[in-house]
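Each remark here refers to the structure printed beneath this line.
Just so we're on the same page: letters track the sequence lines, and every chain starts at 1.
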Amino acid sequence: MTSASSPGSPRKPAWRSVSASCGSCEGIHMPSSAWAEALRASRNENTAKMKGKLEADVRSALIEEGKTLKAQIADTEEELKRVEEEYLRLGRTIPNYAHPDAPLGKDESDYTILRHVGTPPTFSFKAKDHVQLGEELDLIDFDTATRVSGPKFYYLKREAVLLQMALERYALDITLKKGFTPFITPDIAREEILMGIGFNPRGEESNIYTIEGMDACLVGTAEITLGGYYAGQVLDKKDLPIKMSGLSHCFRREAGASGQYSKGLYRVHQFSKLELFIYCLPEDSERYHNEILAIEEEIFSGLGLAYRVVDTCTGDLGAPAYRKFDIEAWMPGRGESGEYGEVTSTSNCTDYQSRSLSIRYKDDDGKNQHVHMLNGTAVALSRAIVAILENNQNEDGSITIPPALVPYTGFDTIKARS
RNA sequence: GGAGAGAUGUCCGAGUGGUCGAAGGAGACGGACUCGAAAUCCGUUGUACCGCUUGCGGUACCGAGGGUUCGAAUCCCUCUCUCUCCGCCA
């Protein structure tokens, strides 16, 4: 399903955590559409015979023939529609290939750590987690949000509001310097777009909120709205790459997710995120994947946070992803005495999404080819706030603002409340 | 939200049931004329998919989706968008 510009062979879908086949369905689908086309050709031929003046009995014979054809076409098209739906449904269960260098493995424990950057801070006192910090400094109110909206919602208050906005602008400015066009996207998208990007909006395990009475969902990420932007279009080769940087709210059902590792702001139903998205030529996608990762690293190292870069294993890749890198920032309040927690994720989806969304460009021979599509987190605000609060806490209960954010916040410390 | 008008190819624009993939014009490209250019004249010029294959054949596409009919750009229904007027609103 893809062409990789990399040594070695792409990992076959067999290495993924799913199995699927629609070969048998294809064997029915192709002949059906050819037969429907042949019948339509007969109908058009029949129609063409009736153009001039005709004897009455010749005309009525042709009309009778047309009626027969009409019935056959109706039957065939009904069958074709049924087969086509099944074909597409099965097709969506087939994941992308995986990059030859992606680590082979079954689940998230089989990742490869590519590098560690920065040193986790040490504290001469017992470090608090962001939930406690947020409460003591009156920055985050989970309890009221639970009463007003439900569990896993939160109010940001006071300096936390300014901190979030500062982070947004700090990250946006970096992406602007890298040539990304800024967007604020809709927070709702049609189901067909969700499915084209590779999300399943329906079903028990879906992480997506659907909207009653509409064929639309709340987006879980701006990847959906940025990736849907050019759905159905043929792009000019000279306009590639297209680099977008989109801010949106993100809504996730997170059914069943709870416990120590999901506490506080780490896993919530609603957060804001600045997402990077690139449409490019197939031969360039690997290079741009590394570029997105480099921007993510620049954003997080610029905040003075220690992090590691993870190369996700084949079994833990989402269906559209050919390769995925995560950045995990050190979070002192996580686990017993601090652990790494995911703050960004960037995927090269090659032509997987562009095939289902039909996003193409005209190559030098005038043939339409599918573009490659990549996405990555610039900054997920809620998780960045977790990392900043926990890493920059002081013994007196105050929080030091990372110097890179001070021009945006206008203050350098969140003072302890007495 | 209410009333009315509209949506046709790169653009403008004709087309109210079969001879329409679609007149005419503009633009673009090729050619003639010219030392060259302009003007003029002649010709070519939509997209996607499929099959043989460098040309031809087939199918689909006149805002989108459904319907009527042997046959739909054309008739009917629904929706979307644009314009005008009224109402409402950040």
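The nearest whole Å value for the distance from the CD atom in A:Gln233 to the P atom in B:rA48 is 14 Å. Remark: P of B:rC50 and NZ of A:Lys367 are 8 Å apart, rounded to the nearest angstrom. We find that NZ of A:Lys81 is positioned 13 Å from P of B:rG65, with the value rounded to whole Å. Atom pair A:Glu37:CD and B:rG51:P shows a separation of 10 Å (rounding to whole Å applied). Between A:Asp363 atom CG and B:rA48 atom P there is a gap of 12 Å when expressed in whole angstrom units. Following rounding to the nearest Å, A:Glu84 (CD) and B:rC50 (P) show an atom-to-atom distance of 13 Å. When rounded to the nearest whole Å, the span between CD of A:Glu45 and P of B:rG57 equals 14 Å.
At a threshold of 4.0 angstrom between heavy atoms, the contacts of A:Lys70 include nucleobase atoms, whether or not backbone atoms are also involved. Residue A:Arg43 is classed as a sugar-phosphate contact, given heavy-atom separations below 4.0 Å to backbone atoms only. Counting any heavy atom pair closer than 4.0 Å across all strands shown, A:Lys362 reaches sugar-phosphate atoms only and no base atom.
Across all strands shown, the partner of B:rG6 is B:rC81, judged by Watson-Crick or G-U wobble contacts whose two distances both fall under 3.5 Å. Base-pair partner of B:rA73: not found among the strands shown (Watson-Crick or G-U wobble, both distances under 3.5 Å). The nucleotide B:rG27 finds its pairing partner in B:rU45, both defining distances of the Watson-Crick or G-U wobble pair being shorter than 3.5 Å. Of the nucleotides present, B:rC86 is the one that pairs with B:rG1 by Watson-Crick or G-U wobble criteria, both distances under 3.5 Å.
For A:Asn44, a side-chain nitrogen or oxygen approaches OP1 or OP2 of B:rA60 to under 4.0 Å.
Relative to the side chain of A:Arg360, the nucleotides B:rG71, B:rA60, B:rC49 differ in distance, and B:rC49 lies closest.
Both tests pass for A:Arg383 against the ring of A:Tyr266: distance under 6.0 Å to the centre and angle within 45° of the axis.
Salt bridge annotation for A:Asp311-A:Arg323: present, with a cationic side-chain nitrogen under 4.0 angstrom from a carboxylate oxygen.
A donor-acceptor pair is defined here as one N or O able to donate and one able to accept, closer than 3.5 Å; no such pair exists between the side chain of A:Asp236 and the backbone of A:Lys238.
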Derivation and outcome, side-chain contact (heavy atoms from CB on, under 4.5 Å), residues A:Met373 and A:Leu357: CA-CA 11 Å; A:Met373 293 163 65; A:Leu357 291 169; 4.2 Å; yes
